[in-house]
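Comments concern the structure below.
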Amino acid sequence: MTTPATDPQAEAWEQDGVRLEIDGDVALVTLCQPKRRNAQSPAMWRALSAAGRALPGAVRVVVLRAEGVSFSAGLDRAMFTPEGLPGERNFIQLAAAEDKDLDDTIAGFQEAFTWWRRPDLISIAAVQGHAVGAGFQLALACDLRVVAEDVRFSMKETSLGLVPDLAGTKPLTELVGYARALEICATGRWVGAQEAVATGMANLAVPAAELDGAVRDLAAALLAAPRNAVIETKALLQGAGARSYDEQRSAERVAQARRMRDLAGIGD
């Protein structure tokens, strides 16, 4: 049975657009401001970071989903107005900050996008409708993506004179390659479900009505294997890009020795 998060701050997170629920070894993180098309704000990012820190140790799979017709319309444009968002610095105030202050602030924003690839978890983004800018990068933050056939990704930051700075450039480049990543970011064009699957950006595309069911099936398949074997495999794959062929073979041997000894009951 799905239960709400027990953290005393969970109600405040929901007011900021993030709901956390726990269903055994699966955590459900829901963007829950559909009337605003789940536009993102620093408050939402703080809530996402806190939700990641609050996950029980038993959680193995995290599903990121969103209510409404759009996954996320991206950064709340109110950040660019003189009034800004209540309690937050607007664009001009951030731009005027000292170098370290600005760097620390952006690093804090990025925390909402980094914990999804923790080695002890597998994260799945269930994406429907628009996933723009920060929304696109939040989907890219996850290990896997299942998309509805109506999905439309776009990296709009460059069109606004900015760069994607929420940890999305590396996973995008790893998924689709440098040339296509550059073209997608520099033009800000739309990427639909068919292209997302064909280029490896998405694992699967399904009709919108089947999105939740497809994600549940994928989560169940991921949970079928022993946890430690999945953790070791994920670590091998995450590090493969930075290793030579021989270094990767060595990493495989070391990981397999740990698994064999663990299964035999003679590990550390």
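Between L172 and M201, the closest heavy-atom pair is CD1-CE, 4.0 Å. Residues C142 and R117 approach most closely at O-NH2, 3.0 Å, considering heavy atoms. Pairing each heavy atom of A205 with each of A193, the nearest pair is CB-CB, 4.0 Å. Of all heavy-atom pairs spanning A27 and I22, the tightest one is CB-CD1, 3.8 Å. Pairing each heavy atom of C32 with each of R19, the nearest pair is CB-NH2, 3.6 Å. Of all the heavy atoms in V59 and R227, the pair that sits closest is O-NH2, 2.8 Å.
Residues V29 and V62 meet the side-chain proximity criterion, which asks for heavy atoms closer than 4.5 Å. Taking 4.5 Å as the limit, every side-chain heavy atom of V69 sits out of range of all side-chain heavy atoms of P34. Here the side chains of Q93 and N90 are in contact, with some heavy-atom distance below 4.5 Å. Between L162 and F91 the shortest side-chain heavy-atom distance falls below 4.5 Å.
Applying the salt bridge (Lys or Arg N to Asp or Glu O under 4.0 Å) test to residues at least two apart or on different chains, the pairs with a partner in residues 35-45 are R36-D76. Identified under the side-chain hydrogen bond (donor to acceptor under 3.5 Å, both in side chains) test for residues 203-213, with sequence neighbours left out: none. Within the structure, every pair that satisfies the salt bridge (Lys or Arg N to Asp or Glu O under 4.0 Å) test and touches residues 191-201, not counting sequence neighbours, is listed here: R180-E195, R189-E195.
Linking ILVMFWY side-chain heavy atoms closer than 4.5 Å, directly or via other members, places L140 and W190 in two distinct hydrophobic clusters. When hydrophobic clusters are built by joining Ile, Leu, Val, Met, Phe, Trp and Tyr residues whose side-chain heavy atoms come closer than 4.5 Å, directly or via intermediates, F113 is grouped together with L175. The hydrophobic cluster containing L182 does not contain I184, counting ILVMFWY residues as joined when their side-chain heavy atoms lie under 4.5 angstrom apart, directly or transitively. Cluster annotation: V146 and V197 are assigned to distinct hydrophobic clusters (Ile/Leu/Val/Met/Phe/Trp/Tyr, side-chain heavy-atom contacts under 4.5 Å, transitive). F153 is not connected to V132 by any chain of hydrophobic side-chain contacts under 4.5 Å among Ile, Leu, Val, Met, Phe, Trp and Tyr, and they are in different clusters.
Remark: side-chain polar atoms of S72 are paired, donor with acceptor, to backbone N or O of G74 under 3.5 angstrom. Judged by distance alone, the side chain of Q15 and the main-chain N or O of A12 form no donor-acceptor pair under 3.5 Å. Of the possible donor and acceptor atoms, one in the side chain of Q137 sits under 3.5 Å from a partner among the backbone N and O of G168. Under a 3.5 Å cut-off, the side chain of E14 and the backbone N or O of E11 do not form any donor-acceptor pair.
The closest side-chain donor-acceptor pair between Q33 and E67, if any, does not fall under 3.5 angstrom.
Checked for salt-bridge contact, D262 and R259 meet the test: a charged N lies under 4.0 Å from a carboxylate O. With respect to the salt-bridge test (charged N to carboxylate O, under 4.0 angstrom), the residues R89 and D101 qualify. Taking 4.0 Å as the cut-off between side-chain N and carboxylate O, R258 and E232 count as a salt-bridged pair.
To the nearest 0.5 Å, atoms CG (L144) and CG (L64) are separated by 12.0 Å. Here the straight-line distance linking atom NZ of K234 with atom CG of L237 works out to 10.0 Å at 0.5 Å rounding. Rounded to the nearest 0.5 angstrom, D104 CG and E98 CD are separated by 12.0 Å. With rounding to the nearest 0.5 Å, the separation of CD in Q248 from CG in D246 is 11.0 Å. Between M79 atom CE and L94 atom CG the span is 5.0 Å, to the nearest 0.5 Å. Here the CG-CZ distance, from L28 to R65, works out to 4.5 Å after rounding to the nearest 0.5 Å.
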Which pairs would a plain distance check flag for residues 43-56, meaning a side-chain donor or acceptor within less than 3.5 Å of a matching protein atom at least two apart in sequence or in another chain?
| residue | atom | partner | partner atom | Å |
| --- | --- | --- | --- | --- |
| W45 | NE1 | Q40 | OE1 | 2.7 |
| R46 | NH1 | E88 | OE1 | 3.4 |
| R46 | NH1 | E88 | OE2 | 3.4 |
| R46 | NH2 | E88 | OE2 | 2.5 |
| S49 | OG | W45 | O | 3.1 |
| S49 | OG | A112 | N | 3.1 |

When the side chains of residues 120-131 are checked against the rest of the protein, which donor-acceptor pairs come out under 3.5 Å, sequence neighbours left out?
| residue | atom | partner | partner atom | Å |
| --- | --- | --- | --- | --- |
| D120 | OD1 | R118 | NE | 3.1 |
| D120 | OD2 | R118 | NH2 | 2.8 |
| S123 | OG | W116 | O | 2.8 |
| S123 | OG | D143 | N | 2.9 |
| S123 | OG | D143 | OD2 | 3.3 |
| Q128 | NE2 | A66 | O | 3.0 |
| Q128 | NE2 | G68 | O | 2.9 |
| H130 | ND1 | S70 | OG | 3.3 |

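Atom CD of E183 has more than 12 heavy atoms from other residues, nucleotides or ligands within 6.0 Å.
With sequence neighbours excluded, no residue forms a salt bridge (Lys or Arg N to Asp or Glu O under 4.0 Å) with R60.
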